[in-house]
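The structure appears right after this line, and notes come after that.
Heads up: numbering here begins at 1 and tracks the sequence.
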Amino acid sequence: MAFLHASYGQRTELREARAFREIADFYGIKQRLLAKLDHFRAIGGSALTDTSIAVPENELGGTNENGHEIPVTYVPFRNAHFLSVGVSWAEVIGAGAIYIGAVAEDSSGYPDCRPEYYRVFQELIRVGTRPETEIEILTPVIKLKKSEIISKGLELGAPLRLTWSCYQNADEACGVCDSCLLRLRAFEEAGVPDPVAYRRFAPSRP
């Protein structure tokens, strides 16, 4: 088994890298690759990589300032870059599958989290690698709600305390960005406390 982490100039880049190392240590993974995709910071266009764009707070399910449903935290075509690195590495080390934790129904509406996105990329792998290469993209949680993922993680003994979701803070999770709101709601629906510390919480809604 091998673990891949991608740093792409996101606000919480160092904190996410720490989470990657701690989770890899927990599972005893020796084969690791930390990919640097710094071009995303130069490209911009996302609140996660461009500090001139504010990360929305308390706006779960809303539209951005241009009236679009896809939020400003969407990093344009990001997951294709992740998958491309994964496919290149998989072909070299002889891996037969790439697992990615994309979630469709209960995400922030990102277009690169849809099942059809991965079906199309699977065909790209088929035509763009060696004839003898067989690499399958697996999205085991793509049809699950985040609360179901938490329940499954607890069932499997996953180290949820080591995971990180916040978009804008690297010490304590902010508690008000889209990712924090989705995570907090998921833990609430799962009926278990979130082991991660939060700086503040969004005001309760009727």
Side-chain angles (χ1 to χ4, degrees), residues 1-46 48-49 70 73-144 146 148-150 152-153 156 158-160 162-167 179 182-183:
M1 184 179 293
F3 275 15
L4 166 65
H5 173 72
S7 292
Y8 54 96
Q10 67 271 42
R11 292 170 185 258
T12 56
E13 179 176 9
L14 295 178
R15 183 62 183 85
E16 292 180 31
R18 173 186 152 191
F20 168 79
R21 291 192 300 270
E22 292 176 347
I23 293 170
D25 288 344
F26 177 87
Y27 286 109
I29 303 300
K30 303 300 183 184
Q31 199 165 18
R32 310 176 189 184
L33 176 64
L34 283 78
K36 297 285 288 184
L37 306 177
D38 292 338
H39 55 277
F40 276 109
R41 184 172 288 162
I43 290 171
S46 168
L48 299 193
T49 58
I70 298 175
T73 51
Y74 164 65
V75 181
F77 214 55
R78 182 194 66 177
N79 287 356
H81 296 250
F82 293 173
L83 289 171
S84 294
V85 174
V87 171
S88 295
W89 194 31
E91 192 166 24
V92 169
I93 66 177
I98 296 171
Y99 288 82
I100 185 169
V103 181
E105 178 183 357
D106 202 17
S107 67
S108 296
Y110 299 148
D112 56 356
C113 286
R114 298 175 296 182
E116 54 267 36
Y117 185 89
Y118 298 95
R119 288 196 293 269
V120 171
F121 208 96
Q122 185 69 67
E123 178 63 11
L124 180 62
I125 293 173
R126 187 187 68 80
V127 300
T129 55
R130 296 187 184 95
E132 66 273 17
T133 296
E134 293 185 7
I135 300 171
E136 184 179 7
I137 297 177
L138 298 176
T139 55
V141 299
I142 199 162
K143 294 182 179 180
L144 300 182
K146 290 188 184 292
E148 294 173 326
I149 296 171
I150 290 169
K152 177 59 70 173
L156 296 174
L160 300 181
L162 301 180
T163 61
W164 192 256
S165 303
C166 183
Y167 283 156
S179 191
L182 285 167
R183 179 181 175 121

What is the ring orientation for [X] with [Y], classed by angle as parallel under 30°, tilted 30 to 60°, or perpendicular over 60°?
| X | Y | answer |
| --- | --- | --- |
| F77 | Y117 | perpendicular |
| Y8 | F82 | tilted |
| Y27 | F3 | perpendicular |

Is the shortest heavy-atom distance from the side chain of [X] to the side chain of [Y] under 4.5 Å?
| X | Y | answer |
| --- | --- | --- |
| V87 | F121 | yes |
| I70 | P111 | yes |
| W164 | R18 | no |
| T163 | R183 | yes |
| Q31 | M1 | no |
| Q10 | L37 | no |
| L160 | I150 | yes |
| D112 | Y74 | yes |

Quiz prompt | Sequence neighbours excluded - side chain to side chain donor-acceptor pair (under 3.5 Å) pairs with any residue from residues 86-101 | solution = E91-T133
For [X] against [Y], the heavy-atom pair lying closest together:
| X | Y | value |
| --- | --- | --- |
| I149 | V103 | CD1-CG2, 3.5 Å |
| R32 | D25 | NH2-OD1, 2.5 Å |
| A35 | L4 | CB-CD1, 4.3 Å |
| C113 | I142 | O-CD1, 3.5 Å |
| I135 | A95 | CG1-O, 3.6 Å |
| P76 | G44 | CD-O, 4.3 Å |

Quiz item: Who pairs with Y118 by ring pair (Phe, Tyr, Trp, His ring centres under 6.0 Å), at least two apart in sequence or on another chain?
Solution: none
Exercise. Return the set of residues passing side-chain hydrogen bond (donor to acceptor under 3.5 Å, both in side chains) with T129 (not counting sequence neighbours), or none when no residue passes.
Key: none
Practice problem: Please report the C-alpha distance between V75 and Y110 in whole Å, then the side-chain angles of each, then the deciding distance to 0.1 Å, and finally whether the side-chain contact (heavy atoms from CB on, under 4.5 Å) criterion is met. | Solution: CA-CA 9 Å; V75 181; Y110 299 148; over 6 Å; no
Supply the atom-to-atom distance [X] [atom1] to [Y] [atom2], rounded to the nearest 0.5 angstrom.
| X | Y | atom1 | atom2 | value |
| --- | --- | --- | --- | --- |
| E13 | L48 | CD | CG | 12.0 Å |
| T49 | I43 | OG1 | CD1 | 8.5 Å |
| T73 | R11 | OG1 | CZ | 10.5 Å |
| L83 | Q122 | CG | CD | 10.0 Å |
| I125 | I98 | CD1 | CD1 | 5.0 Å |

Practice problem: Using atom types as modelled and distance alone, determine if a side-chain donor or acceptor of S179 lies under 3.5 Å from a backbone N or O of S165. | Solution: yes
Quiz item: Hey, is the main chain of S7 close enough, under 3.5 Å, to the side chain of E16 for a donor-acceptor pair?
Solution: no
Practice problem: Tell me, yes or no, whether the heavy-atom count around E134 atom CD, taken from other residues, nucleotides or ligands under 6.0 Å, exceeds 12. | Solution: no
Quiz item: So, E148 and K143, do they make that salt bridge, N to O below 4.0 Å?
Solution: no
Exercise. Please check if any side-chain donor atom of R78 sits under 3.5 Å from a side-chain acceptor atom of S46, or the reverse.
Key: no
